[in-house]
Amino acid sequence: MGKKYEFRPDKPRSGFLSKLYLTQKQRRSLLKWCLYGAVLLVLSILQDVVFCRMRILGASTELVPCGIFLICMLEGIHTGSVFALVASLVYLFSGTAPGAYAMVLLVVLAVVICVFRQAYLQKDFSSVMLCTGVGLLAYELTVFVMGLFLGLTTPDRVVGFCITALLSGVAAPILYPIAVSIRSLGGEVWKE
């Protein structure tokens with residue numbers, strides 16, 4: 001009698017994703033950061049396509065720095081500073097940043113105002129809006145000073161930069177509920 005051969009199916013091959021195990025908390029955190037990135041992408045598209053054509057007293061808006069400051073204020077110093085670094089790098093490489101100094105400026109300002117907010121102010125809507133507004137004003141004035149130093153602008157344009165900070169600050173209360181709802185996806189990290 002010969003050997004009895006029976007059909008044996010091939011072993012299922014597992015791909016790379018089946019070996020990548022993420023807990024539920026890690027999946028929510030990954031979703032949160034992807035949504036933050038999508039919000040900044042939408043802000044960048046709105047800024048470069050729609051709002052760049054609208055001028056009020058010669059000024060426009062800066063939505064991406066507003067989003068970076070707002071998210072950094074909500075996330076706290078530890079995760080917010082890393083987010084500010086990565087987001088400002090993407091902002092720089094997108095070609096819409098005023099210069100390479102904007103990356104360093106965004107990170108430093110975000111960290112400084114976030115440290116101030118966490119040290120001296122309570123976590124509420126008004127403190128986040130205040131710190132975001134102060135960050136936008138400091139950002140715009142520093143960009144103005146750099147423009148003067150590099151010979152790209154004139155001293156009489158200071159009012160336009162202040163109006164840009166004001167117009168960008170108006171977007172912060174609109175973005176706040178979106179950012180808070182995204183922040184709640186990853187669980188409560190910030191404990192004060």
Side-chain angles (χ1 to χ4, degrees), residues 30-75 79-111 113-114 125 128-154 156-186:
L30 181 64
L31 175 65
K32 175 177 79 168
W33 293 111
C34 289
L35 287 174
Y36 277 150
V39 165
L40 286 183
L41 179 66
V42 168
L43 289 176
S44 181
I45 291 170
L46 283 173
Q47 174 64 42
D48 294 340
V49 175
V50 177
F51 293 119
C52 70
R53 298 174 189 219
M54 296 179 192
R55 297 276 181 192
I56 299 174
L57 299 173
S60 184
T61 58
E62 288 281 347
L63 296 179
V64 176
C66 177
I68 291 172
F69 288 139
L70 180 66
I71 292 169
C72 188
M73 292 303 105
L74 290 174
E75 285 297 322
T79 55
S81 59
V82 175
F83 175 79
L85 177 65
V86 173
S88 61
L89 271 171
V90 172
Y91 181 53
L92 174 67
F93 291 135
S94 71
T96 57
Y101 62 88
M103 183 198 73
V104 175
L105 180 61
L106 280 170
V107 174
V108 168
L109 284 174
V111 168
I113 61 175
C114 191
F125 175 79
V128 170
M129 290 301 114
L130 175 70
C131 290
T132 301
V134 167
L136 284 169
L137 184 62
Y139 173 77
E140 288 299 325
L141 290 177
T142 308
V143 168
F144 171 71
V145 169
M146 288 301 294
L148 280 176
F149 178 73
L150 297 173
L152 300 174
T153 190
T154 58
D156 60 335
R157 290 272 304 132
V158 70
V159 175
F161 281 88
C162 291
I163 292 172
T164 298
L166 180 68
L167 292 174
S168 302
V170 168
I174 298 168
L175 294 172
Y176 183 80
I178 297 168
V180 167
S181 61
I182 291 173
R183 184 175 144 273
S184 66
L185 289 175

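In this structure, Ser88 and Met103 approach most closely via the heavy-atom pair OG-CG, 3.4 Å. Nearest heavy atoms, Ile174 versus Ile178: O-CD1, 4.1 Å. Residues Leu70 and Ala179 share a closest heavy-atom pair of CD2-CB, 4.2 Å. In this structure, Thr142 and Ala138 approach most closely via the heavy-atom pair OG1-O, 2.7 Å.
Not one N or O on the side chain of Ser44 forms a donor-acceptor pair closer than 3.5 Å with the backbone of Leu40.
Atom CG of Leu106 and atom OH of Tyr101 lie 10.5 Å apart (nearest 0.5 Å). Within the model, atoms CG of Leu109 and SG of Cys131 stand 12.0 Å from one another, a figure rounded to the nearest 0.5 Å. Atom SG of residue Cys162 and atom CZ of residue Arg157 lie 10.5 Å apart, to the nearest 0.5 angstrom. Between the SG atom of Cys34 and the CG atom of Leu41 there is a distance of 12.0 Å, given to the nearest 0.5 Å. Distance check, rounded to the nearest 0.5 Å: CD1 of Ile71 to SG of Cys114 gives 12.5 Å. Once rounded to the nearest 0.5 Å, the distance linking OG1 of Thr61 with CG of Leu43 reads 9.5 Å.
Proximity of Leu141 to Val158: side-chain heavy atoms (C-beta onward) are separated by under 4.5 Å at one or more points. You'll find the side chain of Leu35 stays beyond 4.5 Å of the side chain of Val39, heavy atoms only. In this structure, Met73 and Tyr176 have side chains that are not in contact, with every pair of non-hydrogen atoms separated by 4.5 Å or more. Residues Thr79 and Trp33 have side chains in contact (heavy-atom distance under 4.5 Å, counting atoms from C-beta outward).
Taking the six-membered ring where tryptophan is involved, the planes of Phe69 and Tyr139 are perpendicular, since the angle between them exceeds 60° and thus also 30°.
Partners of Tyr91 under the side chain to side chain donor-acceptor pair (under 3.5 Å) rule, at least two apart in sequence or in another chain, are Glu62.
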Quick one, Leu63 with Leu46, criterion side chain to side chain contact (heavy atoms under 4.5 Å, CB included). Give me CA distance, side-chain angles, the key distance, then yes/no. CA-CA 8 Å; Leu63 296 179; Leu46 283 173; 4.2 Å; yes
Start with the C-alpha gap between Val143 and Thr164, add the side-chain angles, then the distance that decides, and say whether side chain to side chain contact (heavy atoms under 4.5 Å, CB included) holds. CA-CA 11 Å; Val143 168; Thr164 298; over 6 Å; no
